[in-house]
Structures are given as C-alpha cells and as structure tokens.
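Written below as structure tokens is the structure these notes are about.
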Amino acid sequence: MHQEQLKKNLRNDFPSLTKKILSNDLVYFDTAASAQKPSVVIEALGDFYANHYSNVSRGVHTLCVEATFKYEDARKKVQKFINAKSENEIIFTKNATESINLVAQTYFKKFMQSGDEIILSVMEHHSNLLPWFFLRDNYGVILKFINIDQDGQLDLDHFQSLITDKTKLVAITHLSNVFGTITDKKIIQISRENNLHVLLDGCQSASHLKVDVTELDCDFFVFSGHKLYGPSGIGVLYGKENLLNELPPFLGGGGMINEVSLDGATYAALPAKYEAGTPPMVEAYGLGVAIDYINNIGMENVELYEKELTDYASQKMSDLNFVNRYSNSINKTSIISFNLKNIHAHEVASFLDVEGIAVRAGHHCCQPLMKILDVPATARASFGIYNNKHEVDYFIDALIKCNSFFSVK
Ligand SMILES: Cc1ncc(COP(=O)(O)O)c(C=O)c1O
C-alpha cells in the first residue's frame with residue numbers, strides 16, 4: 001500500500017515540485033543538499049506562528065504553555081524516530097554541524113588531553129572534519145583517517161590498524177554524502193571492543209535508512225532537519241544520557257541554568273543543559289511534523305523504494321560508456337556521484353539545469369576526498385521520496401544529450 005503510494009503520488013505533496021524550469025518540469029535530484037518540503041510541514045510552520053507562538057519554557061501564560069508543549073512533543077517524536085531510550089538524549093541545535101561542534105568541544109574537555117587520538121575517515125564532510133581540526137590545532141589532539149576502498153566503503157582492516165591505547169573516539173559518516181555508501185556496523189562493534197566512543201554523522205542516513213540508535217549502539221548521532229523534509233535551522237544531537245550528563249555545558253546563556261549568582265552558576269538537567277538561549281522552537285515543531293509525514297509512509301518503505309530507485313539509476317548509468325560513477329558498492333542508497341568523461345561537472349550541472357534537472361556539482365564539502373579521487377569536482381544525483389523512475393529515464397536521456405552537445409563542440 002505505502003510502496004504504491006510512494007510510486008504514484010508523493011510528488012503532489014510537495015508544492016515546490018510543480019515549479020517549471022524554463023518550460024520543463026522540475027526534476028529535483030539534490031535531496032542530499034536539502035530536501036523539498038511537503039505542504040503539511042509548510043502549513044504547520046504558518047499555523048505555529050499564527051496560533052501558538054510564544055517563547056518556550058519561560059512563562060505560565062497559555063501561548064507559552066502551548067508552544068512549550070509543541071516543542072517538547074517534537075523532541076518525543078525525534079526520540080521515537082531514532083529509537084533513543086529517553087527524551088533527555090535528544091538535544092535540539094541549529095544543524096548537524098553545530099551538533100558535531102558541541103560534541104568535539106565538550107568531549108575534549110571531559111575525556112581528552114594533548115596527544116590523545118581521534119579516528120575519522122578520508123571521506124568525511126567538512127562538518128565532521130573542521131570541529132576536530134580545531135582540537136588538533138588548539139590542543140594537540142592527533143587525528144587519524146580511515147582509508148576507503150575503490151567503492152567508497154571504509155577499510156575495516158585499516159581502521160583496526162589505527163587504534164592505539166591513546167584512541168578515544170571514532171567520528172564517521174553513517175552514509176557518505178558523495179558515494180551513498182552505508183557504513184558497516186562492524187565499525188561500531190570493533191570500537192566497542194576497544195572501548196572507544198563512536199559518533200555517527202547521520203546527516204544523510206536519517207532520511208534514507210531506518211535508524212535505531214539503541215540497536216546501532218553509537219554514543220552520538222547527529223542530523224539536520226532540512227535533509228529530512230523538515231525546516232532549515234533545526235539540528236539534532238543524540239547522545240547517550242550518561243555521557244551527556246558527564247560532559248560539560250557547551251554554550252552558556254538563558255535556559256541552560258539551574259541557578260545563577262554573580263559568583264557562578266549551576267546548570268539545568270538534560271536536555272536544557274545544552275539548549276542555551278531561545279531555541280528553534282518553530283523549526284523543531286516543523287521537524288516533528290516532517291517525522292509524522294515520513295512515519296505515515298513508513299521508513300522501511302522509504303528505504304526499499306529509494307534503494308530500488310538508486311539501483312535502477314546506477315544500472316542505467318552503467319550502460320553509458322561516457323559516464324564515470326564513483327562507487328559500485330551494492331551497499332549504498334540514494335546518492336550517485338559521477339562525471340562525464342572530459343566534461344567538467346559544473347558544465348554538466350548547468351546543462352541539466354536547462355533541462356529542468358537539479359543536481360549538485362562541486363566538492364560536496366569533501367575536498368580531501370576529491371583529492372583522493374583525483375578530480376576537482378563531481379556531479380551528484382541524489383534522490384528523495386518524491387522521485388521516480390520516469391525522472392531517472394528523463395535524466396539518462398539528458399545525460400546522453402549533454403554528452404553529444406559537448407562532443408560536437
Ligand atoms: C554527511 C554530512 N555531514 C554533515 C553535513 C552538514 O549538515 P548541515 O550543513 O545541515 O549542518 C552534511 C550536509 O551536507 C552532510 O551531507
């Protein structure tokens with residue numbers, strides 16, 4: 001039933017997809033950068049502002065109570081969505097980038113000293129590199145990077161060889177934003193055996209896979225609402241409650257305190273401890289509505305549907321001898337990075353745009369990875385729940401057109 005629903009008409013739920021690019025229907029293959037929003041989310045934001053708006057947790061009047069209820073209810077929805085054990089484990093931030101910075105700064109203060117080691121991978125997004133670079137530059141933390149194989153999967157043997165008695169934390173992507181490859185759970189298992197904490201960057205996985213943080217047994221999991229059909233300006237940090245309790249506060253300000261005197265302060269319990277200042281309450285509410293929308297389809301259905309679509313597109317692209325794809329892994333979904341031989345990715349993206357197809361071209365905030373792939377940029381087609389095989393067929397035809405256009409020139 002839901003699979004049928006996905007195949008037929010989800011596109012109609014997304015007003016932006018009715019847009020024409022020149023005279024072409026928009027084919028939006030840039031969900032990895034940010035997802036389009038269903039009407040229910042767009043309308044919910046307006047409703048919050050029109051009917052329930054107030055600051056949260058700061059008053060007893062009716063609007064404040066309503067707004068606070070909606071904000072905290074969104075937290076419960078996130079908790080259930082990723083199967084966290086407690087609402088206290090869900091911290092709202094402004095995006096995944098802020099969530100990673102929060103962990104980097106507080107984790108170092110509690111658990112690390114100069115000379116200690118963190119393991120990342122060579123295919124991390126800049127958002128999962130720079131926060132750790134700050135620790136290297138400012139405090140002498142040593143960073144090590146797991147290599148990847150030719151299909152964009154992490155090399156587990158290499159990972160194991162990097163672990164020493166100085167290693168404290170492993171921070172890696174759960175689903176690569178360049179290859180679409182899914183990280184093998186064994187990496188968490190190996191980390192556990194070596195008493196290492198694990199942070200998963202779930203920016204891409206949260207919208208394409210059924211995520212269960214309890215089953216995954218990671219210590220931290222981060223994602224952004226805007227890639228999950230929710231509003232921009234809302235991010236999530238999941239952290240195991242005992243760990244978040246041990247870590248020091250991150251930002252200071254209103255809302256995160258218990259008591260303040262001119263000599264100092266004591267801090268609020270979780271999750272308020274990490275939510276200094278007026279939080280993104282409307283955005284959190286919008287994320288909750290997006291989660292309801294996805295739950296109604298069923299994350300298992302989303303996963304199956306997008307995997308089928310990705311395999312279909314990969315197969316069709318592999319029939320084109322002028323296309324280089326950067327991962328043939330079977331354990332991947334929703335993201336395909338590619339180049340057309342002898343044509344710059346930006347030219348391909350501009351050509352496709354004229355055809356109405358939105359893909360991203362560039363380094364995808366993975367400059368170290370581009371260096372390893374030995375390319376300045378790739379084009380990237382990424383799929384969401386509103387895409388379908390007709391659009392893939394249209395995209396394939398456009399690639400053929402693009403190739404002959406530039407070959408003739
Ligand atoms: C894998 C990955 N990590 C982190 C980020 C950063 O997300 P945000 O900019 O929403 O903080 C992105 C966004 O593209 C991403 O794809």
Side-chain angles (χ1 to χ4, degrees), residues 28-37 78 82 91-105 120-134 145-146 148 152-154 170-183 187 198-209 211 216 218 220-238 250-251 274 280 283-284 286-287 290 306 310 326-327 329 332-337 349 358-370 373 377-384:
Y28 189 75
F29 281 178
D30 198 19
T31 294
S34 202
Q36 296 299 329
K37 317 302 168 200
V78 174
I82 60 171
I91 311 295
F92 285 128
T93 59
K94 76 169 186 285
N95 51 34
T97 302
E98 184 181 303
S99 302
I100 298 173
N101 276 278
L102 187 165
V103 175
Q105 292 298 320
L120 312 169
S121 88
V122 296
M123 65 175 173
E124 296 310 312
H125 189 282
H126 295 164
S127 292
N128 196 28
L129 290 175
L130 275 290
W132 312 108
F133 287 4
F134 292 162
F145 301 92
I146 310 169
I148 50 172
Q153 291 286 358
L154 295 176
V170 182
I172 42 161
T173 187
H174 191 208
L175 195 158
S176 158
N177 64 310
V178 171
F179 299 118
T181 41
I182 301 164
T183 297
I187 205 151
V198 178
L199 178 146
L200 285 185
D201 174 355
C203 260
Q204 298 298 340
S205 61
S207 54
H208 302 304
L209 304 178
V211 170
L216 280 168
C218 54
F220 304 103
F221 185 90
V222 305
F223 64 98
S224 287
H226 67 93
K227 294 186 202 276
L228 188 60
Y229 309 98
S232 56
I234 180 76
V236 171
L237 164 64
Y238 157 81
F250 177 48
L251 301 175
Y274 288 110
E283 292 79 2
L287 174 58
E306 291 182 342
T310 311
Y326 291 96
S327 168
S329 173
K332 63 172 278 172
T333 188
S334 303
I335 295 173
I336 301 176
S337 278
V359 297
R360 180 167 173 191
H363 51 64
H364 314 291
C365 296
C366 287
Q367 285 185 347
L369 178 58
M370 293 297 121
L373 296 177
T378 72
R380 180 183 71 182
S382 57
F383 310 122

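Atoms within each ligand, like the ligands themselves, are counted from 1 in listed order.
Near Ala96, meaning under 4.0 Å from any of its heavy atoms, are these atoms of ligand 1: 11 (O). The His226 neighbourhood of ligand 1 comprises atoms 10 (O), with distances under 4.0 Å to a heavy atom of that residue.
Here the protein heavy atom with the shortest distance to atom 16 (O) of ligand 1 is Gln204 NE2, 2.7 Å. Among all non-hydrogen protein atoms, the one lying nearest atom 10 (O) of ligand 1 is Ser224 OG, 2.6 Å. Atom 7 (O) of ligand 1 has its closest protein heavy atom at Cys203 SG, 3.5 Å. Nearest protein heavy-atom neighbour of atom 9 (O) of ligand 1: Thr97 OG1, 3.7 Å. Of the protein's non-hydrogen atoms, Ser127 OG, 3.5 Å is the one closest to atom 6 (C) of ligand 1. Looking from atom 1 (C) of ligand 1 to the surrounding protein, the closest heavy atom is Asp201 OD2, 3.4 Å. Of the protein's heavy atoms, His125 CD2, 3.2 Å lies nearest to atom 15 (C) of ligand 1.
Taken to the nearest 0.5 Å, the CD atom of Gln204 stands 11.0 Å off from the CG atom of Leu228. Taking CG from Leu120 and CD1 from Ile146, the interatomic distance works out to 8.0 Å, rounded to the nearest 0.5 Å.
Separation of the Phe220 and Tyr238 ring centroids does not fall under the 6.0 Å cut-off.
Counting heavy atoms from C-beta on, the side chains of Leu102 and Val222 never come closer than 4.5 Å.
A side-chain hydrogen bond (donor to acceptor under 3.5 Å, both in side chains) check over residues 222-231, counting only residues at least two apart or in different chains, returns the pairs Ser34-His226.
Proximity of Glu124 to ligand 1, defined as any heavy-atom pair under 4.0 Å, is not found for any part of the residue.
Classification of the His363-His126 ring pair by plane angle, with boundaries at 30° and 60°, yields tilted.
Side-chain contact, Ser334 with Glu306: a donor N or O sits under 3.5 Å from an acceptor N or O. If you check the side chains of His125 and Thr173, you find no donor sitting under 3.5 Å from an acceptor.
Heavy atoms of His364 come nearer than 4.0 angstrom to ligand 1 in no pair at all. Heavy-atom separations between Lys227 and ligand 1 include at least one value shorter than 4.0 Å.
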